[in-house]
Every structure is written in structure tokens, then in C-alpha cells.
Trainee: 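Quick one: the structure is below, questions incoming.
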Protein chains: 2
Amino acid sequence: MARILVVEDDPNIRELLQYNLEKEGFEVRTAEDGQKGLEEIETKWPDLVILDLMIPYRDGLEICRIMRSKRELAHIPVIILTAKGEEIDRVLGLEMGADDYVTKPFSTREIIARVKALFRRVQTIEKTDEEVLIRGRLTINIENYEVTLGEKKVDLTHKEFQLLYLLASRPGKVFTRDFLLEHIWGYEYLGDSRTVDVHIRHLRQKLEDDLIETIRGVGYKFIE
Amino acid sequence: MARILVVEDDPNIRELLQYNLEKEGFEVRTAEDGQKGLEEIETKWPDLVILDLMIPYRDGLEICRIMRSKRELAHIPVIILTAKGEEIDRVLGLEMGADDYVTKPFSTREIIARVKALFRRVQTIEKTDEEVLIRGRLTINIENYEVTLGEKKVDLTHKEFQLLYLLASRPGKVFTRDFLLEHIWGYEYLGDSRTVDVHIRHLRQKLEDDLIETIRGVGYKFIE
DNA sequence: ACATAAACTTAACAATTCGATAACTGGATA
DNA sequence: TATCCAGTTATCGAATTGTTAAGTTTATGT
């Protein structure tokens with residue numbers, strides 16, 4: 001199972017995290033300050049690091065920066081813990097390469113969910129890092145934005161391409177209209193969800209009718 | 001739409017929350033003390049609970065702890081309301097498994113934003129957690145919205161799928177018609193309870209007769 | 001900066017599927 | 001045996017999606 005390092009000076013939170021993460025089946029190590037944490041990271045290469053921002057000796061951001069500068073540590077995902085007031089450093093943290101933030105106080109469920117989500121993201125990114133998606137007769141080339149069906153090249157618009165790519169990235173999975181709107185159109189989009197239908201229609205016309213299946217009352221899915 | 005339970009003894013805040021959440025399209029129920037709140041939670045399984053910390057009979061943390069210890073309630077997100085002076089033991093609160101905290105006085109916009117954020121978080125993170133339910137020869141894939149019996153794929157409608165999923169999520173547990181109506185059809189639904197029978201009938205036809213058992217005078221259960 | 005084309009959104013209407021209800025039947029229970 | 005509860009079926013209306021076209025925005029090249 002995945003190995004997680006928790007770098008946190010407050011023993012209560014440290015134990016709370018350790019207890020709950022181990023209950024989820026992760027292997028957990030802890031360090032109580034930045035110096036020890038960094039040593040652990042450099043010698044043990046954990047699979048994920050949870051870093052409190054305010055810790056003695058070396059703070060979270062510094063550790064993050066050091067990790068990102070070393071080739072063998074650069075890929076390790078990092079979750080930063082911040083107290084409620086410290087949210088100013090968010091931008092700085094992003095620059096330092098943290099992958100997620102959790103503001104204290106947090107629920108254990110939340111942090112576990114985020115750990116899992118992060119692992120999932122890393123896994124799927126590593127998997128889908130290939131620029132070409134092949135699904136039967138369909139080929140989706142992300143790099144040069146090209147789609148071919150059999151031998152024929154298919155011209156898609158930007159939205160159509162995004163929609164197809166998202167659906168085809170997980171064949172079989174049902175995507176609700178809301179989910180599609182949120183991910184392609186953005187969180188703040190306040191529009192008709194019928195818009196999705198129209199784009200689906202266009203995709204079906206340009207490709208084949210039965211590539212995208214309608215799940216009535218739920219959404220759409222790319223056939224497996 | 002999602003069903004929210006507000007447990008709060010102050011009638012002003014209770015109504016304020018109810019009014020504003022309903023305006024946002026949520027279905028809202030209220031309880032004025034911990035005992036009634038807990039009953040409502042256990043019998044109705046709301047989709048989210050807003051809990052005042054200081055309420056008569058059973059306080060918020062106790063309810064939270066009870067919820068987390070019961071399998072069918074453990075996943076329900078909880079927002080805790082605290083008065084400004086109340087210094088909650090943070091770690092205790094975290095262990096109890098609340099998902100978010102709001103300090104009184106709060107603005108309605110804030111609480112609505114948090115409710116929505118929490119739903120979004122839970123949806124995107126938790127739903128991908130347990131995607132497949134296996135019950136003997138029956139397989140229920142939530143992500144793909146697919147049901148197979150043995151090797152055969154079974155086409156279910158939305159309502160049928162929801163019904164089967166709920167029943168199969170706790171084999172052996174008897175669900176009353178009222179519970180099923182409130183949980184799947186919504187708090188507001190005022191209809192014939194024969195409706196449930198018809199959908200059960202359809203499920204039995206599409207699957208096997210003896211998967212869903214009738215408990216005369218009570219309701220239905222999925223066989224263990 | 002402008003004209004033009006392309007892409008996107010919205011609206012309206014058609015087609016289809018689904019679900020609620022009523023009414024009747026059958027069986028269990030007291 | 002009477003009564004109550006669940007099973008069953010067909011039908012109608014409602015909800016969802018498909019489809020087309022017109023209107024609006026955005027992008028592109030000159």
C-alpha cells in the first residue's frame with residue numbers, strides 16, 4: 001500500500017492523521033519538524049507527503065521548494081495544511097508546487113478523500129499522459145488536436161473535442177450534464193444544460209451514432 | 001433535489017435556514033432538538049445535516065459521533081454550527097467527523113455556499129469510492145450505471161436503478177414504502193404508495209423474483 | 001479595426017420513454 | 001369469511017431527450 005509521510009508539529013493532529021490514514025490502509029510515517037521531515041523525504045521517498053505550513057526549522061513551503069528542485073522527489077504529491085488565517089500563502093504555495101490544500105480545522109473524512117483523490121489523479125495522469133487515445137476505430141490525438149475514425153480525419157470544434165476527449169477518457173463511465181458543464185464550461189457557467197445535448201448531437205453526426213450512449217435521467221457515456 | 005435536515009433549537013435561525021435553502025431548491029426538514037434530529041436522521045437518511053452544537057437532549061457532537069458509527073449514516077455530510085464564544089475542542093470535533101464548521105452569526109450566503117461546496121466535494125470524491133456492489137450473481141456498477149445478473153446485462157430505468165441500489169446497499173434491511181418514497185422520490189412527494197409496488201414488480205421481472213422479498217405490513221428487503 | 005466565417009447558445013417543436021395512477025385480482029390474516 | 005394488503009396490468013400524461021434552425025458571440029484574417 002502507499003506510503004504517506006505526515007510532517008506536523010502538533011502531536012494531536014499528527015496522531016489523528018496517522019490513526020485515520022492507517023485505518024484506510026495506508027502506511028504512515030510522521031515527522032515533528034521540517035528538518036526531520038526533509039531527511040525522511042530524501043531517504044525514504046514516500047508516495048505522498050502531508051505538510052503543515054507552520055513547522056519548526058524549515059517551513060512547509062521551503063520543503064516543497066526543495067522537493068521540486070530535486071529530480072527524484074519532484075513528482076511526489078504534496079498536500080499542504082494551513083491554519084484558517086494563513087490562506088494568504090495560497091498563490092505562493094501553488095508556485096512552490098503543492099498539489100492540494102486543506103485548511104484547519106478539517107475533517108478526517110475530507111483529508112482522506114483528498115489523499116485518495118490525489119493518488120487517483122496522479123495515477124490517471126500517468127496513465128493518460130500518452131497524447132493519443134485509441135478507442136476501437138477512433139483515435140484522439142491530444143497533442144495535435146486531431147481525431148480520426150478509421151482512416152478518415154474528423155474535424156471537430158474545440159467544445160466538441162473537449163467533450164469527446166472527456167467522455168472517451170473513461171469509456172463506460174456515465175457523465176451527468178452538470179458534471180460535463182462544470183468540467184468543460186467551468187464552475188460558474190449558468191446556462192442551459194440542453195447545450196450539452198446539442199454538442200452530443202454534433203459529435204454523433206460527425207462520428208457514429210452509437211459511440212455515445214444516452215442514459216436517460218442521468219447523462220451520457222462513451223461505449224466501452 | 002437534495003434533502004437537507006436542519007437541527008437547531010433557535011426558531012429564528014431554523015426558519016432563516018429553511019427559507020433560504022428552499023429558495024435554492026433544496027428540500028428542507030427541521031428538528032428542534034437533538035433527540036428529534038437523531039430520529040429524523042435515522043429514519044429519513046437526509047443527504048446533508050446542519051447541526052447546531054448546543055442543542056437540548058443530545059448535543060451536536062454526540063449526534064455526529066453516533067452518525068459516524070452507523071454504516072448507513074456514516075457518509076452523510078455534516079455541517080456544525082457554533083456560537084462565537086464556544087471554543088470547541090478542535091481535535092474532538094475532527095474526530096467526530098464533521099465536514100465543515102460555521103460560526104454564528106453567519107450570513108445566509110455563506111452557509112449556502114458551504115452547503116453547495118460540500119455537496120460538490122462529496123460528489124466528486126466519494127462517489128468514485130465504492131463503484132461496484134456485488135450481491136451474489138448480481139452486480140451493480142454505479143459509475144457505469146450498469147446492472148448484470150450472471151453474465152446478462154440488465155437494462156433498468158433511472159427509478160428502478162435507484163430503488164435497486166438502495167435496497168441492495170443494505171441486504172436484509174427492511175425498507176418501508178414511506179422511506180423509499182421519501183428517499184428516492186423526495187420529502188415533498190405525496191403519492192400513492194402503490195407506485196413503489198409497481199417498480200418492485202418491474203425489478204422482479206427484469207431480475208429474479210426472489211431477490212426482493214416482501215415483508216407484509218412493513219415493506220421490502222433485498223435478500224441477504 | 002473591420003468584415004466574415006465559424007462556433008456556440010438558445011429556443012421551439014417533435015419523438016420517445018418513463019412513471020403514476022386507477023382498477024382489478026389474488027392471497028394472507030384475524 | 002371478511003378484510004386488508006400486496007400483485008398485476010393497461011393507459012394516459014409528464015418528463016426527458018432528439019433535432020433543427022435561428023440568433024448571438026467569438027475568432028480569424030486582411
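Just so we're clear, the structure is a prediction, and the values are computed from it rather than from any experiment. Convention: sequence-line order gives letters A, B, ...; per-chain numbering from 1.
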Trainee: Considering just the side-chain nitrogens and oxygens of B:Thr195, establish if one lies under 4.0 Å of OP1 or OP2 belonging to C:dT21.
Mentor: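 Looking at the OP1 and OP2 atoms of C:dT21, one of them is under 4.0 Å from a side-chain N or O of B:Thr195.
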Trainee: Do the charged groups of B:Glu72 and B:Lys173 touch, with an N to O distance under 4.0 Å?
Mentor: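 A salt bridge is absent here (no side-chain N lies under 4.0 Å from a carboxylate O).
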Trainee: Side chain of B:Asn141, backbone of B:Asn144: donor and acceptor closer than 3.5 Å?
Mentor: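 Yes.
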Trainee: Can you classify the ring geometry of B:Tyr165 versus B:Phe161 as parallel (below 30°), tilted (30 to 60°) or perpendicular (above 60°)?
Mentor: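 Parallel, since the angle between the ring planes stays under 30°.
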Trainee: Please check: side-chain N/O of B:Arg14 versus main-chain N/O of B:Glu32, any donor-acceptor pairing under 3.5 Å?
Mentor: no
Trainee: Please state how far atom CG in A:Leu180 lies from atom P in D:dT17, giving the value in whole angstrom units.
Mentor: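 In whole Å, D:dT17 P and A:Leu180 CG are 12 Å from each other.
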Trainee: What is the separation between atom NE2 on B:His202 and atom P on D:dA10, rounded to the nearest whole Å?
Mentor: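 Result: 10 Å.
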Trainee: Look at the aromatic rings of B:Tyr189 and B:Trp185 and report parallel, tilted or perpendicular, splitting at 30° and 60°.
Mentor: tilted
Trainee: Rounded to the nearest Å, what distance is computed from the OH atom of residue B:Tyr145 to the C1' atom of nucleotide C:dC18?
Mentor: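 Atom-to-atom, B:Tyr145 to C:dC18, this comes out as 13 Å.
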Trainee: Does B:Arg3 offer a backbone N or O that forms a donor-acceptor pair with the side chain of B:Asp47 under 3.5 Å?
Mentor: yes
Trainee: So does B:His199 get a side-chain nitrogen or oxygen closer than 4.0 Å to the phosphate oxygens (OP1/OP2) of C:dA20?
Mentor: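 Answer is yes, contact under 4.0 Å.
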Trainee: Reckon A:Trp185 has a side-chain N or O less than 4.0 Å from the OP1 or OP2 of C:dC8?
Mentor: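 No, no such contact exists.
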Trainee: Without swapping roles, check the side chain of B:Glu27 against the backbone of B:Glu188 for a donor-acceptor pair under 3.5 Å.
Mentor: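 Answer holds: yes.
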Trainee: Would you tabulate the nitrogen or oxygen pairs shorter than 3.5 Å linking the protein to nucleotides 1-7 of chain D?
Mentor:
unit_1 : atom_1 : unit_2   : atom_2 : d
D:dA6  : OP1    : B:Arg177 : NH1    : 3.4
D:dA6  : OP1    : B:Gly217 : N      : 2.8
D:dA6  : O5'    : B:Arg177 : NH2    : 3.3
D:dG7  : OP1    : B:Arg204 : NH1    : 2.8
D:dG7  : OP1    : B:Thr214 : OG1    : 2.7
D:dG7  : OP2    : B:Tyr220 : OH     : 2.5

Trainee: Over its full length, what angle do the end axes of the helix from C:dA1-D:dT30 to C:dA30-D:dT1 make, each axis taken from five pairs and the result rounded to 10 degrees?
Mentor: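 The two end axes of the helix from C:dA1-D:dT30 to C:dA30-D:dT1 meet at 40°.
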Trainee: If the condition is salt bridge (Lys or Arg N to Asp or Glu O under 4.0 Å), which residues does A:Glu208 pass it with, not counting sequence neighbours?
Mentor: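 In terms of salt bridge (Lys or Arg N to Asp or Glu O under 4.0 Å), with neighbours along the sequence ignored, A:Glu208 is linked to A:Arg137.
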Trainee: Side-chain N or O of A:Thr157 less than 4.0 angstrom from OP1 or OP2 on C:dC8?
Mentor: yes
Trainee: Return the value, rounded to whole Å, for the distance between atom CG of B:Leu181 and atom C1' of C:dT21.
Mentor: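 So the CG-C1' distance, B:Leu181 to C:dT21, works out to 13 Å.
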Trainee: So, is the end of the B:Arg29 side chain (NZ or CZ) under 6.0 Å from the ring centre of B:Tyr187 and within 45° of the ring's axis?
Mentor: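 Cation-pi check for B:Arg29 and B:Tyr187: passes.
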Trainee: Please report, rounded to the nearest Å, how far the C1' atom of C:dC18 is from the CD1 atom of B:Ile184.
Mentor: 15 Å
